[in-house]
Enquirer: 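Sharing a structure here in structure tokens format.
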Amino acid sequence: MNWALSIFYYIVTVLVVLVYGLLLYAFIAKTMARVQGRIGIPIYQPFLDIIQTYGRRTAVTHGYMFDLGPVFRLTGGLGTLAFIPVIYGSEIFGNFHFAGDLLLVMYFIFFGQLGMALGAGESGHPYAPMGIARGLAQMTAFEVPFALAVIAVFMQYETASITEIVAAQQGSIYNWTLFTNPFAVLAAMFAFLGMSMYPPFDLVTAPNEIPIGPPTEYHSAYLSLLQTNRAIFAGAKLVLFMNLFFGGATNLPIMVLKTWAIYMIPVLIGVAFPRFKVENSIRFFLGVPTLVGIIAVLYMQYWGTV
Amino acid sequence: MGYAGLQLVNTMFMQELCERMTRQFDCDQVMHQKDDLSFLRVDRDRLESALMYLKTHEGFVHLSFVTVIDYIEDGFFRLNYMLYNYDKATNIGVQVDITRENPSMHSIHHLWAQGWTYQRELKEMYGIDFPGSPRVDEEFVLEGWDGIPPMLREFDTAKFCEDRFAKRDGRESQDIKQTMRDNLYPERGES
Amino acid sequence: MNKQDKNPGNNRENLIKLENAGLTAEEQQLFCDAVPVPYEPYSLEFVERFHNWIRANSLWVLAFGTGCGAIELNPLMTSRFDANRFGVMMRPTPRQASVLIVAGYSSVKTLKRIIRSYEQMQGPKFVIGLGICTINGGMYYDSYNTINCLDRYIPVDLYITGCMPRPEALLAGFMELKRKIKAGECDGANRYVKDFDWYKANQKKVIKKWDMPDYNW
Amino acid sequence: MFDLKRYSEAELESGKFTKLWHGPQHPGITGNMSLELTLSGDDVVECKTHVGYLHRGFEKLMERRTYIQNFPVVCRIAVPEPTFNEYMYAAAVEELAGIEVPERAEWLRCLNLEMMRLASFLMWLGGACGSFGMSTVYQWTVTHRDYMLDLFEEMTGARIYHMYISPGGVRAPLPDGFSERALSVMNGIEKLLYEIERVALNNHIFKMRSQDLGIIDPEMVDPYGIVGPNARACGFKRDVRKDAPYLVYDQLDFEVITADKSDAYTRTLVRYQEMHQCISLIRQMLEQMPTKGSFHADLPNVLHWKIPAGQTYVKSECTRGEYGYFLVSDGSEYLRRVTIRGPSYTHAIAVMEKLVVGVNIADVAGLMVSLHTYPPEIER
């Protein structure tokens, strides 16, 4: 394939995922509002918010790392998306998949957070390092079940290519990892709760404790970048989970439906739970989810049938 | 025992208590305001021992508040320590008169751990010093106050306001009596 | 609001750096001493109008309950009145907020924090004065610790009168603020910078313990 | 004996500690006050409270106003619970002036106070859950509080500042059909409370975070002057409504609710039970209340009101505990001195500074809310 065309297709994918991520965000906000008995924001509100922050006429910087923080964050989001085939078999939404892309994606998921940590650390606000410490600690914890789940998936499909993993799940609903390797999916969904930053795992932006954590000092166009990244990154994560565990998608409506359904899990847990403390959160992830992850690996080792 | 019976016991308890206090601490003025509230006046230097006695022997364990009444005409501050006895459900106000010039008073912080907050407030609002009370010199509710303590009677807050804060054009303050007379009872006229 | 006649000679041109006289020498190095400059609108008019429309529909309110008016902000943001419908959202940090609600009387001690919060907000920024006490002192006209006219200390775009203003009044106030923003009438941040000396003089007349930089970047 | 741990410069210079200002612009702080925290890692080693952001000098302003002019002023002192101020001021003035209040007015006052208590508790319960991250419960309770405010509006004409309990009685009788509407709101709130019990109070994470947080030792209660639900949660049967009954509380059937350990969770439970008690009291009052009779005493012209010289202290049980007015009159048209004793005064300053030491920074908001403090009544 022509590389220029492939980059063009990638840009199209990013835009589609961005729009979809923002719509999803608004839709989730509306869902939460309905649980709380409200009407909630209009469905186009996230778009307005991004343009509004972008359209601020003044900005204050705290140094080079502060400037680079949102850039790193966005790079993390874009990089994650770049190696995930959004729609299986589609030329436009196929992205730059290659044999070992899952490993690279796992790296990119955490790249953004580390970059953000450097940037927010320079902002000088005491809540920012506090939020970063919490975020990194929790991230280290939920990475364990997630890594175990991904290892189990590696063992199951004997490949590290997302496209091949999706290909192996085609045909019937019973080919999904959800049914062939339920323990891995369970462990990964636990990790997804931690990744998606809804209660009880919204430690990083806990509004009553360290309002709103690392991005406390980010404003104007910086914040606009962060908001963009949030949408892209959420979309990329959802697509990754859909590809690995829920059979991928062969067209756009299926993708929308599946990712929305996956996202509803942390949201519905989120509206009904208080927040963990950071030590509770770490203890939680290193407990049952890790155990389930280990079981998933053992299951694949001894009883796995592919 | 109903409430009325309790009241009777309380009244007797209060009278006996006041007599005891008068004997022991030379309270020069006793005032029974109602069944469960009396005021005693003690000497400045006997206050601590009186409060200590009330707290440890008579069960007045709860310090409701400490306050000051400014008698500028007679030149003294009247400190008021309001204590409460939970078993007998009675309040007693122990009062001390101190002079208005360089006022200072013994700290009661060692008797009640919350005492320092009241003393800090009185220091700021009235300028009464409580040597030995923690953080008594720190600012409490005011910040950067540069005048005389604001709760003193001679401090004129309306005049201070006029000097410090700008008035909005068009705002009028009316004499309430005159306004009510004019608007509500115009037929009465000046009376 | 005609302030130019009260403005005693604006010498901003000569001013290069803020004095930051309230700070110690050590602290002065930590704070920025650049003089704030007004921001220009977008050069193309339709871009500016578009952004004004966006700003009006995405109002981020600073979550700072400065006075008793904050009690009516709770019903406003929750399910009964739900200001989220109109794009009004609470932000916990001044850097990201665009609307400052001064909820009721502000004591001198709070005024200092209001000024700091206001200066940390990024323009365009709007101020709503809530309650009669921000307009002329209201019930506390003779209190030694509350200011009387808020717009002498920070530029106010909109007043909502009443004690307390009901949530319906607040919603109407937000609608009016939106109308003003869309019409491009809310230039409070620029007014503040333009009349910087006048505002600072007023602020320093009231706040006696001035241990902060002259402009909080 | 009660030595405050003094703040030392050397400790901060060592670089092991972080100084952090929590508030006043902070969503986790109740009202407008701030905590100056010294942190070691995530744990608080030292706390200083700063109040005064809401100081309006009420005690000074009231000395400048005639007795009847003070009546609309007092309710502004504590925003979430204005009614208690109105009642305490009216009671103090009535006692000094010797005014007899009609029986119906007493019932109406009592109803108003209990409704205020319920509304205030609703807001507090939302805040308590919100401080641990349950914003959903907060939304629910504030909405139901708003239905209570509708009742207030019907009863008194205002949502927040009612100016209802005037010296001598109340301003208006109940409107027609009020009790049916009030009962239906009560039913709704009761249903909500059971829902909250299932969602929040029985929630594992909520329990995990709030249990053993900020334990008030029973020995602390007397020296620190802890009152109200905070003291009742550690076993003290202290309630002004029972100890020195005022209004019509001696004709109502209720028990003082106590628990045996005052941590944040137990305090929440005690208040939760008191909310049920409030609903029961309101129902009792709506049932027993006289519907005929005068609701305001005949007073002389208030413009020429002079109160005989004297001093008195009246108190009532507000949501946080003993709320009192100390009023001194010197026989003129103006009062000599008034002192407002709010329970938050000690809860938010001395007790807070003591309890917060050793607490994780994440729990500071939860601890502060569990003490139920309102800054406006501290600084007046």
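Owing to the predicted nature of the structure, the values given are computational and were not obtained by experimental measurement. A note on names: the letters A, B, ... follow the listed sequences, proteins ahead of strands, and every chain is numbered from 1.
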Enquirer: Please name the pair of heavy atoms, one in D146(D) and one in P75(C), separated by the smallest distance, quoted to 0.1 Å.
Expert: OD1-CB, 3.1 Å
Enquirer: I'd like to know if the side chain of N32(D) reaches the main chain of G67(C), judged simply by a donor and an acceptor atom lying under 3.5 Å from each other, with no hydrogens or angles considered.
Expert: no
Enquirer: Does any heavy atom of chain C fall under 4.5 Å from the side chain of F58(D), the backbone, both, or neither of them?
Expert: side chain
Enquirer: With chain C as the partner, which of P24(D), P80(D), P376(D), S135(D) has the greatest number of non-hydrogen pairs under 4.5 Å?
Expert: P24(D)
Enquirer: Might you point out which heavy atoms bring P92(C) and Q25(D) nearest each other, and give the distance in Å?
Expert: O-NE2, 2.6 Å
Enquirer: Select one option (side chain, backbone, both, neither) describing which atoms of L111(C) are under 4.5 Å from chain D's heavy atoms.
Expert: neither
Enquirer: Heavy-atom count around K204(C) NZ within 6.0 Å, excluding the residue itself: above 12?
Expert: yes
Enquirer: How long is the straight-line distance from CZ of R65(D) back to CG of D142(C), given to the nearest 0.5 Å?
Expert: 4.5 Å
Enquirer: Indicate the atoms forming the closest heavy-atom contact of S107(C) with G52(D), along with that distance.
Expert: OG-O, 3.8 Å
Enquirer: Look up atom CZ in R145(D) and atom CG in N74(C), then write down how far apart they are to the nearest 0.5 Å.
Expert: 7.0 Å
Enquirer: Rounded to the nearest 0.5 Å, what's the gap from CG on L149(D) to CZ on R80(C)? Could you check?
Expert: 8.5 Å
Enquirer: Test side chain to side chain contact (heavy atoms under 4.5 Å, CB included) on N145(C) and E379(D); report intermediate values, then the result.
Expert: CA-CA 11 Å; N145(C) 203 35; E379(D) 47 236 23; over 6 Å; no
Enquirer: By a 4.5 Å heavy-atom criterion (distance strictly below it), what part of L54(D) contacts chain C: side chain, backbone, both, or neither?
Expert: both
Enquirer: Identify the heavy atoms of V79(D) and C68(C) that sit nearest to each other, and give their distance.
Expert: CG2-CB, 3.2 Å
Enquirer: When rounded to the nearest 0.5 angstrom, what is the spacing between OH in Y105(C) and CZ in R76(D)?
Expert: 11.5 Å
Enquirer: Please evaluate residues M139(C) and R56(D) with respect to the criterion side chain to side chain contact (heavy atoms under 4.5 Å, CB included), reporting the C-alpha separation (whole Å), side-chain torsions for both, the decisive distance (0.1 Å), and the verdict.
Expert: CA-CA 10 Å; M139(C) 196 146 256; R56(D) 288 144 283 174; over 6 Å; no
Enquirer: May I ask you to decide if the ring planes of H55(D) and Y144(C) are parallel, tilted or perpendicular, using 30° and 60° as cut-offs?
Expert: tilted
Enquirer: Below 4.5 Å from any heavy atom of chain D, which atoms of M77(C) appear? Answer side chain, backbone, both or neither.
Expert: backbone
Enquirer: How close do G57(D) and S143(C) get, heavy atom to heavy atom, and via which atoms?
Expert: N-OG, 4.5 Å
Enquirer: Under 4.5 Å, counting heavy-atom pairs only, tell me which of C163(C), A70(C), G104(C), S106(C) racks up the most with chain D.
Expert: C163(C)
Enquirer: Under the criterion side chain to side chain contact (heavy atoms under 4.5 Å, CB included), I'd like the reasoning laid out for W140(D) against T78(C): C-alpha separation, chi angles, the key distance, then a yes or no.
Expert: CA-CA 8 Å; W140(D) 292 346; T78(C) 51; over 6 Å; no
Enquirer: Under 4.0 Å between a side-chain nitrogen and a carboxylate oxygen: does that hold for R166(C) and E153(D)?
Expert: yes
